[in-house]
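Have a look at the structure below before the remarks.
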Number of protein chains: 2
Amino acid sequence: MAAWGAEAPPRPGPRPRLSIGDLAKAGVALADELGLEAVTMAKVADRVGFTPMSLYRYVGSKDELIQLMFDEMGRDLGVSAERAHGWRDGLESLAHALADRYTEHPWAVDVPIAGVPTMPSQVAVMEYGLELLVPEGLEPGEALGVLQLVAGFVRSHSALVRDITRAATPGAALSPFSAASSRLADLVDPAVMPRVAEAARLGLLSPPAPDSAAADEELDDLRFGLDRILDGVEVFIERRHTGQV
Amino acid sequence: MAAWGAEAPPRPGPRPRLSIGDLAKAGVALADELGLEAVTMAKVADRVGFTPMSLYRYVGSKDELIQLMFDEMGRDLGVSAERAHGWRDGLESLAHALADRYTEHPWAVDVPIAGVPTMPSQVAVMEYGLELLVPEGLEPGEALGVLQLVAGFVRSHSALVRDITRAATPGAALSPFSAASSRLADLVDPAVMPRVAEAARLGLLSPPAPDSAAADEELDDLRFGLDRILDGVEVFIERRHTGQV
DNA sequence: TCTATCTGTGTATACCATACTCAATAACTG
DNA sequence: CAGTTATTGAGTATGGTATACACAGATAGA
């Protein structure tokens with residue numbers, strides 16, 4: 001796979017003027033500025049000073065380019081198992097590092113998950129997680145399951161945060177569906193769905209006011225879910241240590 | 001919002017020959033047969049015996065149609081809080097019902113998450129979850145957090161299962177990336193990533209052989225993640241009951 | 001120097017979402 | 001019952017999209 005950067009032996013013909021990484025970086029920059037839907041072969045080509053069709057010398061399809069962009073944005077998370085104070089601290093660092101990346105690159109939550117993780121940055125996360133969890137007695141398969149749990153939660157949480165942020169940002173194009181969330185209290189029949197109606201009344205289903213506390217709330221939500229997951233993992237590790245499972 | 005089916009008062013002009021639900025159902029059927037990328041306005045129109053442009057009398061955009069399809073596929077999960085034996089059993093039933101739906105409609109994991117859940121089927125899930133968890137002492141916001149955890153996990157797990165299944169199915173169009181997973185063992189340098197290399201050697205990163213045990217493995221993985229989450233929630237509920245939090 | 005091979009370009013195609021216009025339709029008004 | 005008017009579904013058109021294909025120039029090895 002190209003993303004793993006096998007070194008090319010000397011060949012006849014002109015040397016490529018780009019690398020796959022250049023292409024991925026250009027795509028990331030474009031998506032950062034204008035969103036994922038703005039990433040077209042033509043615009044990426046323009047950004048690197050190429051014609052659209054030349055990109056196909058580097059990637060087999062646009063989908064492949066998108067996957068490379070996702071890998072690019074997940075590189076070098078700055079976590080290391082040696083520096084972590086135990087598995088729990090390590091997983092928390094990972095979760096926050098991932099969440100930060102999603103915040104920096106909001107489009108990344110729109111990139112479809114393409115099968116079992118095989119891109120370098122994802123594999124690096126796997127190695128990290130295995131280093132944290134296998135010494136605690138987890139089987140590799142179990143450790144990967146925990147990792148999937150954490151990474152998946154951060155992703156879905158980040159997606160929610162992004163959409164809420166977008167809906168609460170005046171001037172942003174809000175879909176007809178996010179627009180409806182503020183009216184959800186009117187749509188839900190309290191007789192049929194009393195608890196949702198109450199939650200809507202409490203404002204839990206509307207975008208929060210864009211005050212300074214919004215970021216804190218998002219962080220709280222991340223922590224809440226993460227704490228539940230890690231509590232569950234802790235229970236499992238305890239049981240494994242005491243031979244109950 | 002149209003999906004909530006406000007009844008139309010008598011109006012001049014021809015009566016609409018379709019309903020939004022018809023359109024959503026047609027889209028679902030199409031996606032079931034040919035995948036989400038096959039869902040185009042033209043093909044859906046063809047299926048209901050309309051011209052492409054007529055669909056815009058019912059939906060504002062293709063994205064809106066896709067959201068309606070997602071709502072359609074999540075309707076009537078067949079769970080009820082009254083029938084559940086406690087919150088944990090109730091959440092397990094929900095998770096399995098959702099997983100079954102994703103299995104029946106694999107394209108659903110490709111539907112982008114559009115903000116805070118506001119579609120009827122999603123709101124029904126919310127009501128269900130609140131009924132299960134609020135009596136245990138959780139705040140509505142906490143209960144929604146737990147629900148997001150469960151639903152998000154089932155979704156990401158289902159995505160993985162679908163991609164693995166697709167990769168293991170001979171004849172299916174497998175992306176260059178899923179194709180690479182079988183070669184991951186060759187790509188990873190054991191000196192740099194010893195634990196991933198070992199996991200690859202154990203076959204944990206390759207699609208499983210398409211034997212009869214595959215379905216069981218998938219179910220095991222679902223159970224594993226779900227058990228961790230619910231263990232974590234259980235710890236939280238215990239603490240709440242004993243006033244620790 | 002010759003040759004095989006690779007790069008980036010130019011051109012062309014098929015598909016797609018969707019804007020705009022219009023004739024036919026059917027409820028409401030008198 | 002006749003006229004008015006809003007609405008439906010069809011027809012036509014447009015701009016953007018990914019990508020197939022063929023070619024001219026460039027370059028490393030013989």
Side-chain angles (χ1 to χ4, degrees), chain A residues 2 5-24 26-27 30-31 34-69 107 110-112 114 173 175-177, chain B residues 2 5-24 26-27 30-31 34-69 107 110-112 114 173 175-177:
Chain A
E7 65 295 342
R11 285 172 308 184
R15 308 293 300 273
R17 280 186 277 172
L18 288 175
S19 71
I20 294 192
D22 294 333
L23 231 52
L30 197 53
L34 300 169
L36 192 61
E37 69 283 359
V39 176
T40 68
M41 299 305 270
K43 291 217 194 77
V44 174
D46 196 57
R47 190 171 271 260
V48 295
F50 270 53
T51 53
M53 283 311 292
S54 5
L55 304 194
Y56 288 96
R57 294 280 172 207
Y58 297 86
V59 295
S61 67
K62 182 188 172 181
D63 282 350
E64 193 175 320
L65 173 60
I66 300 288
Q67 291 299 319
L68 290 167
M69 287 168 53
W107 49 268
D110 294 326
V111 174
S175 79
F177 295 92
Chain B
E7 67 294 344
R11 284 171 309 183
R15 308 294 300 273
R17 281 184 280 179
L18 289 176
S19 70
I20 294 192
D22 294 332
L23 230 53
L30 196 54
L34 300 169
L36 192 62
E37 68 283 0
V39 176
T40 68
M41 298 306 270
K43 293 216 193 77
V44 174
D46 197 56
R47 189 171 273 258
V48 295
F50 271 53
T51 52
M53 282 312 292
S54 342
L55 304 193
Y56 288 96
R57 293 280 173 206
Y58 297 85
V59 295
S61 68
K62 183 188 173 181
D63 283 349
E64 194 174 321
L65 173 60
I66 301 288
Q67 291 299 319
L68 290 167
M69 286 168 52
W107 50 268
D110 294 327
V111 175
S175 80
F177 295 91

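Order of the sequence lines sets the chain letters (A, B, ...), proteins ahead of strands, with each chain counted from 1.
- Nucleotides of DNA chain C lying under 4.0 Å from heavy atoms of chain B occupy a range whose first and last members, 5' to 3', are dC16(C) to dC28(C).
- Regarding contacts with the backbone of dA10(D), a side-chain N or O of T51(B) is found under 4.0 angstrom from either OP1 or OP2.
- Every residue was checked against the side-chain contact (heavy atoms from CB on, under 4.5 Å) condition with P12(B), not counting sequence neighbours, and none meets it.
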### Message
What does the B/S/- profile of nucleotides 17-30 of chain D look like, 5' to 3', with a 4.0 Å heavy-atom cutoff to protein?
### Response
SSBBB---BBBBS-

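- Applying the side-chain hydrogen bond (donor to acceptor under 3.5 Å, both in side chains) rule to T40(A) yields no partners; only residues at least two apart in sequence or on another chain are considered.
- Looking at residues two or more places apart in sequence or on another chain, you find a side-chain hydrogen bond (donor to acceptor under 3.5 Å, both in side chains) between D22(A) and S19(A).
- M41(B) is linked by a side-chain contact (heavy atoms from CB on, under 4.5 Å) to L55(B), Y56(B), V59(B), K62(B), L65(B), counting only residues two or more places apart in sequence or in another chain.
- Every pair passing salt bridge (charged side-chain N to carboxylate O under 4.0 Å, His left out) that includes a residue from residues 35-58 of chain B is listed here, sequence neighbours excluded: E33(B)-R47(B).
- The distance from atom OH of Y58(B) to atom P of dT8(D) is 7 Å, rounded to the nearest whole Å.
- The side-chain contact (heavy atoms from CB on, under 4.5 Å) test applied to I20(B) returns A2(B), L68(B), not counting sequence neighbours.
- Separating the CH2 atom in W107(B) from the CG atom in L30(B) is a distance of 10.5 Å, to the nearest 0.5 Å.
- For P16(A), the side-chain contact (heavy atoms from CB on, under 4.5 Å) partners two or more places apart in sequence, or in a different chain, are Y58(A).
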